[in-house]
Amino acid sequence: MDLDPDDVFRDDEDDPDNDLYLDRESTKELLVYLVDASPKMFSTTSLAGDQKDETHFHIALSSISQSLKTRIINSSYDEVAICFFNTREKKNLLDINGVFIFDVAEREFLDRPTARLIKEFDCVEERFVKEIGSQYGIVSGTRENSLYNALWVAQALLRKGSAKMADKRILLFTNEDDPFENIKGATKIDMTRTTLQRAKDAQDLGISIEILPLSWPDEKFNVSLFYADLIGLEGHPQFLVSTVEKLEDMKDQLRKRIFKKRIVKKITFSIANGLSIELNSYALIRPTLPGAITWLDSVSNRPLKTERSFICSDTGALLQEPPKRYQSYKNENITFSAEELSEIKRVTTGNLHLLGFKPLSCLKDHHNLRPSTFVFPSDEEVIGSTSIFIALHRSMLRLKRFALAFFGSSSRPQLVALIAQDEIISHGGQIEPPGMHMIYLPYSEDIRHVEEVYSYSNGATPKATDDQIMKAAALMNRIDLKDFSVFQFSNPALQRHYAVLQALALEELDIPETNDETLPDEEGMSRPAVVSALEEFKLSVYGDNDDVESELVDNGKASETSKKRKAVAENAVKECANFDWDDLADSGKLKDLTVVELKFYLTAHKLPVGGKKEALISRILTHMGK
Amino acid sequence: MHKVLPELEKVCSMLVEKKLVYHKSDQVGIILFGTEDTKNELTREVGGYEHVVVLQDTKVVDGDLVEALQQLPRGTFNGDFLDAIIVGMDILIKKFGETDKKKKRLCLITNALSPVKDPFEGTKEGQVITIAEQLVRHGMGMESIVVRERLNGSATKRIMDENDHLLNIFAKKTSAKLVYVESPTSLLGALRTRNISPVTIFRGDLELSSKMKIKVWVYKKTSEEKFPTLKKYSDKAPPTDKFATHEVKVDYEYKSVEDPGRVVPPEERIKGYRYGPQVVPIAPSEWDAVKFKPEKGIKLLGFTNASNILRHYYMKDANVFIADPGNTRAILAVSALARAMKAENKVAIVRCVWRHGQGNVIVGVLTPNVSDKDNIPDSFNFNVLPFVEDVREFQFPSFNNFPASWQPNEQQQEAADDLVKLLDLAPSGKEEVLQPEFTPNPVLQRFYHHLDLKSKHPDAAIPPLDETLKRITEPDPELFSLNKSAIDAFRRSFELKDNPKLKKSTRRILREKTSGSNMGEGYADISVQSLNSIENTSAVKIEKIGDLTPVQDFETLMSRRDGPEWIGKAIKDMKNKIFDLVEDSYEGDNYPKALECLVALRKGCILEQEPKQFNDFLRHLCKFCREKNLNSFCEFLTSKELALISKTEAIDSEVCDDEARSFLVKPDTKVE
């Protein structure tokens, strides 16, 4: 248990008990990345013109590397193995040809991702030819079948752990849509049959096999040649191998496919008079926080166990978890039992109840409390749910309305807005899935009316003139982020956090610099056109007077304090000059000065002036670099 | 007004109830107007002010106030709200004077349908202006809630318009808030029952560039009012102890895993950060030296089309950016930008570090909040946007790729359109129903009500959810019955049926498995291969005998043909299950179920030619029951005529018919 949350990353209002943030998936994933390493994966010849010299092999490795990095942060209990097939060398549990499991020290073949694994995997490509080697494993004339072998090895790796507690998956990266193309006749039929049987055996053991096809823009990966049978594609209409136009897009798609979506909750959405459909909810957007901290013994670095005990303040007796809570009210302690409290919160059954529809304009920007939840229909239990959902979805999109519903969750029952989101596809990839987003709405108690506090009792407040608005608009068009997307920035604090951890975990001395992508584009801002637009806007709202501070002088309280502060600072600078600080510090005579005198130095150098005398002295010494 | 008085009683008493929890020293007074009686100081001093009753002089909140508010007398006269305001103002001035810096607020709740008396001199308008000036001079806030349902008759229209005009003057001249509510539900939400003085989370520059800065103050715009945190209660103190605090102290101890007896003192502890399976120890000083330290400030990254920021990206509660209230030029700059953003449909992307020493940055979006009131300045709404790490890019099937049978046809689509159009919560010309600004939290309302009930009777039951509050949690029966035909048409257009492939039992399991985060091991008994029908339509496979439908599970297992081991496993599991059932039985409540299982096991063993398995088990079970004083179960079995498997039933059995039948009849006296 984490008793001392790293406050740095949390805002004061974050509630660690909030169940939305705790949608930790109950099962872990056991995953084998199965990468085709045949010479075909290394070919760059069929590149369509402007592309960089990238091989499919490289694309596969970089998506795996990226997914490992995400995994170690987000779901570090997952266990992964990386396995190449069509290799020259072999390294696997069954000692069969053409299959090579990549691994690092202090780690089993299938194990949790470690810092070392990620680091060494990043350079595997350079060492690949020398240490592992690429070689076709399916050659006519031999009975070797590297694909069969690879599936067998992967299945053997996934023997660990029960199918109930873990999701077992094999992710197959290949660009060969017809692996037995060169084999003829009965041998081909036989090899196809045995390979399919091997895949089926694995699936019967609860292992899902997914294929991540790689292809060039001008040639499509034809799933129906072989792999459709292997992964059992019938009845999966959504599996489309879209032809990608750019390699970048393919990377995007790979990344999305590597992560399996997990249902947070199944929801019954009651529409009217007993008509209810079935929805699955997914957490598409949730803040990623650095992992919880663990207390260690500073001598042995072994983890410590936390024990919590309840002590009665009156008698000092040790208690079990107290069953009752109290609120003091009218000088009395009013006690509530846990059952009573949960009964109070149960204002409706745990379903989602439709209340009606409103135009989208009724949903204001401040009607938001927490990250939204995505809902998608399911026909698993109630057939017909999807059809109703699609019909409502289309109507809401067309009529520009959202649905208002009451969501009776046990922690905080509240009103939600369901906004229909149309599918957005760009470059063959899905940017926004179709479905509805559930926005958690505030109650009247949760909304503050700050603007009104500063309303002007003596008439109108200044409002911008048309000219000022025009200048602002011109400025806006100059600093326009055309293709802005929220997927653009990574969290610099998080990046830094993990860069530090990775370096320390690997006992490296240098901590790599991390790049803060959230800083404004200084270069772009200093383009002459932008600068002049800024100047014009400034001139139009601020006037000629360049000194922004000067305004404060003629308005009430704020200026008085700032004037006073300024006077104090000026005085301090003057007084400060009367001492030879270097000499005082060197001779250790700072302690002979009074606090007031010490503060002259601090104020003059804009340092904090709080604390005891020793603190002030040490602050001065630190500032002087002594 | 009488119609809404019950709601008024609720919301006003809740205001006091909340003060009793959060602001115990606040003072509240109650003035009624339009009453039969007249009781106020001004009447005595200067005359007039009839039908205004000071029900309760301002005093520190207590239970009597709550009680008084819960039973407001119904008046019989027309109420003059101006008289009431003056009486209220007079009380506040007399009691607290001009020097008292306490926050003073008048809250007027009226339907403003009764005429205001003409003043002795001057106009009504003039009088209102004078009062407003007095309010401002004494630093009193005012808040008016006008409860008004649909219009009735034109006679009142004139009075109403005049009153509205007068109230509007208040709103303009003072920082008074004036709201109109139509439904009782919104009346409950209209009164601010807990006032939180706003605190800035940031004051400083909004940097458009290094050269152009705007002074802004940032406040929370929304912030969840939490369910009160209740303290843990200890009942250990003797009931005679009058001074018992009943508090519970929570103590944390850190112990080493190897030596649980040793408590590790704070100075010997170090924080470890997880990175995969490794835990990396880092001392705070070391961490400080390397961690991310952004500079305080708000920087503009640029503007972009509003359509680039989808509504569901908003991550947290919202903030508001207002220009430094004393800085006219800042107000102008914010106003210009906000208005330009609104006109061009743009938003601004900003990077914020609110505090010095904050360890992270926030990227958010500013949207314009152009004020439609003269005396309220323009401002920006601010919402937090996600980082790449916060977005999980799951792919979902496109609706177009679903089979044709799932696609709504034209007639179905029309029915859906009608439903969306007709179940309208924001009809034109009427109040928007359930606007967040006027919708109270039903849970809090219920809690404070219950708290107050409990203070009178400690065993008071939890009150049912108020009818007015049910308008929030449940669909409005009126709206739904009004549009019954559209709803019926919608229902007729679509066919819903349960998936026959799923058994009832699994369905329940599914629900429990996914809805609770703390699912017990027991619920995982039935393994469901995939929870997602779209991903995987394979049938559900039973691998174990679960608690809910052991008989069916057993039969499924017995008939499984994908391996010879299943029959052995099924029989073994079933035996264990029966043992568990008998053992856990309380006064025989599990016996019928155990019998069902036994019967199923018996049948299975006959079918599979395993009579010995069953017979040995039954003997063992009976012996066990007698040893454990569970004779009642054996008697139960005898009464249900459960017998061993005889030779005639299964050729492998070594038990003859007679022995089989009489097995249970004679109790094994030796053991007893």
Side-chain angles (χ1 to χ4, degrees), chain A residues 8 72 76 112 164 238 256 261 272 288 291 293-294 296 298 304 307 309 311-315 322 324-326 334 348 356 358 365-366 368 372 380 384 391 395 433 437 442-445 450 454-456 460-461 464 468-469 472-473 476 479 481 484 490-491 493 496 501 504 518 538 541 555, chain B residues 189 219 221-222 225 230 232-234 236-237 244 247 249 253-254 270-272 274-277 280 292 302-304 312 314 318 325-326 332-333 335-337 339-340 351 359-360 367 374-377 381 387-389 393-394 396-397 408 416-417 420 423 425-426 441 454 473 487 496 527 533:
Chain A
V8 164
I72 196 169
S76 75
R112 298 167 59 185
K164 282 161 213 140
Q238 78 281 8
K256 286 179 187 176
K261 38 179 194 282
T288 302
I293 58 149
T294 313
L296 304 175
S298 61
L304 297 173
E307 279 182 16
S309 48
I311 298 158
C312 171
S313 303
D314 299 318
T315 60
K324 287 199 164 190
R325 306 283 164 126
Y326 75 93
I334 316 284
T348 165
K358 288 185 188 181
D365 279 324
H366 63 266
N368 206 71
S372 61
E380 189 184 16
S395 301
H437 289 278
Y443 287 117
S444 62
E445 288 98 331
V450 187
Y454 294 104
S455 63
Y456 284 64
T461 64
Q468 288 166 332
I469 296 171
M476 269 168 18
I479 324 179
L481 308 169
F484 180 81
S490 51
N491 184 344
R496 182 75 190 157
L501 284 191
L504 292 173
T518 64
K538 191 173 175 182
V541 292
N555 93 79
Chain B
Y219 287 95
K221 178 67 191 172
T222 53
E225 181 172 328
L230 306 189
K232 296 184 178 69
Y233 183 82
S234 161
K236 284 280 180 278
E247 276 171 23
K249 227 176 80 196
E253 278 183 344
Y254 297 86
I270 186 166
K271 276 184 192 174
R274 288 198 172 280
Y275 190 69
V280 184
F292 181 65
F303 298 90
T304 189
H312 62 265
Y314 294 0
L332 273 180
S335 170
L337 281 174
R339 280 163 192 258
R351 169 199 196 265
N360 60 351
T367 44
D374 278 347
N375 58 348
I376 295 180
N381 287 312
F387 287 111
V388 182
E389 291 89 342
E393 298 173 87
F394 296 148
F396 288 85
D417 281 1
V420 174
L423 291 182
L425 296 178
N441 185 341
K454 272 201 161 202
T473 63
I487 294 171
L496 277 183
S527 144
S533 65

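In what follows, chains are A, B, ... by sequence order, proteins preceding strands, each numbered from 1.
The two residues B:Thr222 and A:Pro442 make their nearest non-hydrogen contact at CG2-CG, 4.1 Å. Taking every heavy atom of both residues into account, B:Ser234 and A:Cys312 meet most closely at OG-SG, 2.9 Å. In terms of heavy atoms, B:Ala340 sits closest to A:Ala473 at CB-N, 3.6 Å. Considering all non-hydrogen atoms of both residues, A:Val541 and B:Ala336 come closest at CG1-CB, 4.1 Å. What you find for A:Ala272 and B:Ile487 is that their closest heavy atoms are CB-CG2, 3.5 Å. Residues B:Phe396 and A:Pro433 approach most closely at CD1-CB, 3.5 Å, considering heavy atoms.
Counting heavy-atom pairs closer than 4.5 Å to chain B, the top-ranked of the candidates A:Asn368, A:Leu304, A:Thr294, A:Thr288 is A:Asn368. When each of A:Ala464, A:Gly384, A:Ser395 is scored by its heavy-atom pairs under 4.5 Å with chain B, the top score falls to A:Ser395. Ranked by non-hydrogen atom pairs under 4.5 Å with chain B, the options A:Gly356, A:Ser444, A:Ser372 are led by A:Ser444. With chain A as partner, the option from B:Pro277, B:Ala333, B:Gly189 having the largest number of non-hydrogen pairs under 4.5 angstrom is B:Pro277. Among A:His437, A:Arg112, A:Gln468, A:Arg496, the residue making the largest number of heavy-atom pairs under 4.5 Å with chain B is A:His437. Each of B:Ala318, B:Ala426, B:Pro408 has some count of heavy-atom pairs under 4.5 Å with chain A, and the biggest count is that of B:Pro408. Ranked by heavy-atom pairs under 4.5 Å with chain A, the first of B:Val420, B:Asp417, B:Thr367, B:Leu332 is B:Val420.
Remark: A:Met476 CE to B:Leu337 CG distance equals 7.5 Å, nearest 0.5 Å. Between atom NZ of residue B:Lys271 and atom CD1 of residue A:Ile293 there is a gap of 4.5 Å, rounded to the nearest 0.5 Å. How far CZ of B:Arg339 is from CD1 of A:Ile469: 6.0 Å, rounded to the nearest 0.5 Å. We find the NZ-OG distance between B:Lys232 and A:Ser313 to be 11.5 Å, quoted to the nearest 0.5 Å.
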Derivation of the side-chain contact (heavy atoms from CB on, under 4.5 Å) call for A:His366 and B:Tyr314: CA-CA 9 Å; A:His366 63 266; B:Tyr314 294 0; over 6 Å; no
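In this structure, the portion of A:Thr315 lying under 4.5 Å from any heavy atom of chain B is its side chain and not its backbone. Contact annotation for B:Arg274: both backbone and side-chain heavy atoms come within less than 4.5 Å of a heavy atom of chain A. Within the 4.5 angstrom heavy-atom criterion, atoms from both the backbone and the side chain of A:Leu501 approach chain B.
Side-chain atoms of A:Ser490 do not come within 3.5 Å of backbone N or O of B:Val388 as any donor-acceptor pair.
For B:Leu425, the side-chain contact (heavy atoms from CB on, under 4.5 Å) partners are A:Leu355, A:Lys358, A:Leu404, B:Val433, B:Leu479, not counting sequence neighbours. The side-chain contact (heavy atoms from CB on, under 4.5 Å) search around A:Ile72 returns A:Pro113, A:Ile118, B:Tyr275, not counting sequence neighbours.
Classified by interplanar angle (parallel below 30°, tilted 30° to 60°, perpendicular above 60°), the ring pair A:Tyr326/B:Tyr233 is perpendicular.
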